[in-house]
Amino acid sequence: MAVLVDGKEYNVPQGASCSDVLKTALSGKKFKALAACRLNGRPADLSTPLDACLASDAACGLEPITADSPEGLEILRHSTAHVMAAAVKSLFPEARVAIGPSIENGFYYDFSYSRPFSTEDFEAIEARMRELAARDLPFVRNELPRDEALRFFIGQGESYKQALIADLPDERVSLYACGDFVDLCRGPHVPRTGLLGAFKLLSTAGAYWRGDEKNAMLSRIYGTAFADEKALKDYLHRLEEAKRRDHRKIGKELDFFAFHEEAAPGMVFWHPKGMLVRTILEDFWRREHLRRGYELVQGPQLLRRELWERSGHYDNYRENMYFTAIKQDDESREPEIHGIKPMNCLSHMLIYRGRLRSYRDLPQRYFELGVVHRHEKSGVLHGLLRVRQFTQDDAHIICTPDQLEEEIIGVSALVRDLMHLFDFSYKVAVSTRPEKSIGSDEDWERATKALVGAIERAGMPYTINEGDGAFYGPKIDVRLLDSLGREWQCSTIQCDFTLPERFDLVYVDANGERRRPVMVHRAIMGSLERFIGVLIEHYAGALPVWLNPVQARLLTVTDAQHPFALEAKEALAAGGFRVEADLRNEKLGFKVREAQVEKIPYILVVGDKEVEARGVNVRLRSGENLGLKSLPDVIELLRADCQKPFKRGGMRYNFSYY
RNA sequence: GCCGGCGUGGCUCAAUCGGUAGAGCAGCUGAUUUGUAAUCAGCAGGUUGCGGGUUCAAUUCCUGUCGCCGGCUCCA
């Protein structure tokens with residue numbers, strides 16, 4: 001039989017498998033690097049007879065997938081997960097297997113066992129995996145009618161596999177055997193265990209069966225695999241680097257903020273340096289909103305329970321809310337209950353309702369840096385990225401249905417400009433109507449169209465999350481990537497049909513008739529706490545100059561330069577910059593080190609030479625030394641550095657602090 | 001909330017088999033006047049998260065609780 005590979009024709013025996021073809025085609029080449037192959041664009045299963053692969057395509061281009069391609073890595077990791085399961089089953093025969101997919105940076109497999117697995121088991125499991133790899137066992141695919149497969153797993157006592165088969169729609173299912181271990185699996189896999197790359201088990205965790213907290217907790221083992229040792233090492237190195245730039249660690253080192261767990265778990269104590277960063281960010285953001293036609297408002301922290309009952313929060317969100325109970329003078333009466341706000345929308349609606357609005361007044365755009373409290377479950381707290389008290393850069397836009405799309409375009413522009421300002425990578429998703437929802441089809445359709453139309457006109461790539469919207473309306477979510485590759489939701493733009501209804505918001509149209517406006521909830525940074533946490537990781541603590549709490553520090557060599565250092569400090573401060581002078585009687589190397597550790601952008605050394613020239617020696621936090629500069633030159637450098645990120649578009653830099 | 005791990009000076013970490021807590025950095029005091037990532041010396045600092053239990057004796061073992069870390073679920 002003749003097969004075309006890489007444009008060349010090869011003769012292979014009848015009944016050969018894909019991997020045989022590949023071996024023939026690539027004899028002499030580095031077969032070890034090949035995990036699988038692709039047939040006419042689809043990954044081919046190397047353990048399947050070639051005929052089956054070719055059944056649908058007469059003329060077949062067989063194209064290798066290398067183990068370091070994204071597709072190849074996925075196959076490699078999935079196969080490694082199988083081998084891990086095989087190793088676990090051989091060491092712990094009582095363990096039952098659940099699922100074991102490849103994931104973004106590796107793979108996992110979930111097991112059910114009499115005790116959870118721990119990292120102490122890793123040595124034995126990895127050793128067994130290496131044995132299985134050394135034996136170069138083939139992965140053998142076998143297709144069975146589902147009944148037969150079901151009987152097989154019943155015989156094996158694999159209850160989770162039985163449950164999986166029960167949910168499969170297919171009449172025939174595929175099994176993969178690797179040594180004694182047979183798993184329900186769609187494939188594809190590497191042909192033989194000898195083709196596994198470099199792998200390492202990383203951690204264990206509890207995970208619910210099928211991700212549902214009502215189900216049993218399984219024991220999950222995470223691992224990773226790469227084409228070769230070097231790629232694995234690079235990855236482990238990247239993990240270390242990510243740990244190094246953990247915002248919790250850097251926040252402590254730079255004295256930006258702290259937590260006092262004994263006093264207020266999940267709530268931030270902002271120290272002076274961190275509070276300065278926050279203040280600068282807040283002021284910048286308020287100005288940007290005013291510039292874009294928002295109005296600043298602020299509502300109270302507590303609202304009476306009746307308000308939360310009317311909004312529906314009391315029914316739907318109570319377990320996440322904090323309440324206060326004020327004892328009445330008359331002891332027999334129920335205490336008066338206030339809810340501490342978990343959201344800012346109610347106040348904004350009350351402000352809107354303060355008087356009758358005309359269509360000429362719309363849109364109303366209310367902006368508030370609103371402090372909200374949400375009692376998050378204890379296990380989910382995570383530094384600044386997940387807290388119980390946080391500040392939303394929240395706005396509510398109340399507009400006519402006709403204005404909706406235009407308003408959302410404005411909001412997406414704000415999202416885009418902010419992401420550009422910080423050079424963030426982000427993902428946009430539109431979430432559509434969920435099963436459990438309220439409102440008319442017409443409302444949903446119009447709002448969804450407005451959202452999609454707006455981000456298309458803004459030129460943003462996006463995905464659709466079918467059925468993932470809020471019950472009260474569709475939404476746009478924007479997720480940032482942190483240094484560990486984890487995604488954090490920051491911006492969110494949500495249409496709401498419910499609250500205007502519940503709170504009877506109206507405007508008077510051109511015909512004098514009362515109409516229902518649409519409300520858009522939106523937050524761009526999401527929460528200042530989370531956003532600053534992501535910023536710290538993004539920049540590894542070396543914040544952009546305009547945002548760094550200390551922009552320049554003067555270091556004297558000896559006491560003799562004190563007067564000039566103070567003079568220079570005044571001059572730079574008068575230029576609008578945040579400057580410190582380190583006059584301590586310490587060696588220069590020591591002061592430089594401290595300034596470097598604090599990630600101060602401009603380290604300005606003053607010795608006798610500089611005093612004489614009435615300048616400073618400029619060292620950047622990168623370590624680069626710019627040599628002797630006059631004070632006006634330094635001011636110019638600082639100014640240019642502050643303005644640089646704003647040149648990318650949209651945003652304006654026009655403020656100073658000291 | 002669930003599964004697992006961990007709580008020792010402000011921070012980072014030690015303390016054999018259970019024998020009564022030790023270092024570096026930071027801090028304070030003094031000396032030193034120094035040229036681009038750590039000058040030297042001295043001093044001070046702890047009810048080992050908190051409660052209960054076992055023991056002659058608990059940082060160490062058991063238990064409860066609070067918190068943190070890694071995940072799961074949820075989420076800005």
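Numbers restart at 1 for each chain; the letters A, B, ... are given by sequence-line order, proteins then strands.
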Checklist entry - Ring centroid separation for Phe117(A) and Tyr109(A), is it under 6.0 angstrom? => result no
Item to check | Touch class at under 4.0 angstrom, heavy-atom based, for Gln596(A) against every strand present | outcome: base
Checklist entry - Considering only heavy atoms from C-beta outward, does the side chain of His396(A) approach that of Glu368(A) to under 4.5 Å? => result no
Next on the checklist: When you compare the ring of Phe590(A) with the six-membered ring of rA37(B)'s base, are the centres less than 5.5 Å apart and the planes under 30° from each other?
Outcome noted: no
Next on the checklist: Classify Tyr222(A) by what it touches in the nucleic acid, base, sugar-phosphate, or nothing, heavy-atom distance under 4.0 Å.
Outcome noted: sugar-phosphate
Item to check | Which nucleotides of RNA chain B pair, in dot-bracket form (Watson-Crick or G-U under 3.5 Å, | meaning another strand) | outcome: (((((((..((((.....[..)))).(((((.......))))).....(((((..]....))))))))))))....
Show me the donor-acceptor pairs, under 3.5 Å and distance only, between side chains in residues 256-269 of chain A and residues at least two apart or in other chains.
none

Next on the checklist: Need one value for Glu594(A): base, sugar-phosphate or nothing, where a base atom within 4.0 Å counts as base even if backbone is also close, heavy atoms only.
Outcome noted: nothing
Next on the checklist: Give me the distance, rounded to whole Å, that separates rC61(B) from rA23(B) when you measure between the C1' atoms they each carry.
Outcome noted: 27 Å
Checklist entry - How does protein reach along nucleotides 60-68 of chain B, written 5' to 3' as B (base within reach of a heavy atom under 4.0 Å), S (only sugar-phosphate), or - (no contact)? => result -------SS
Is there any protein nitrogen or oxygen under 3.5 Å from a nitrogen or oxygen in nucleotides 29-32 of chain B, and what are the pairs?
residue	atom	partner	partner atom	Å
rU32(B)	N3	Asn585(A)	ND2	2.8
rU32(B)	O4	Asn585(A)	ND2	2.1

Checklist entry - Of all residues at least two apart in sequence or in a different chain, which pass the side-chain contact (heavy atoms from CB on, under 4.5 Å) check with Val592(A)? => result Leu555(A), Leu588(A), Gln596(A), Arg619(A)
Are there any protein N/O atoms within less than 3.5 Å of an N/O atom in nucleotides 5-12 of chain B, and if so, which ones and at what distance?
residue	atom	partner	partner atom	Å
rU12(B)	OP1	Lys252(A)	NZ	3.2

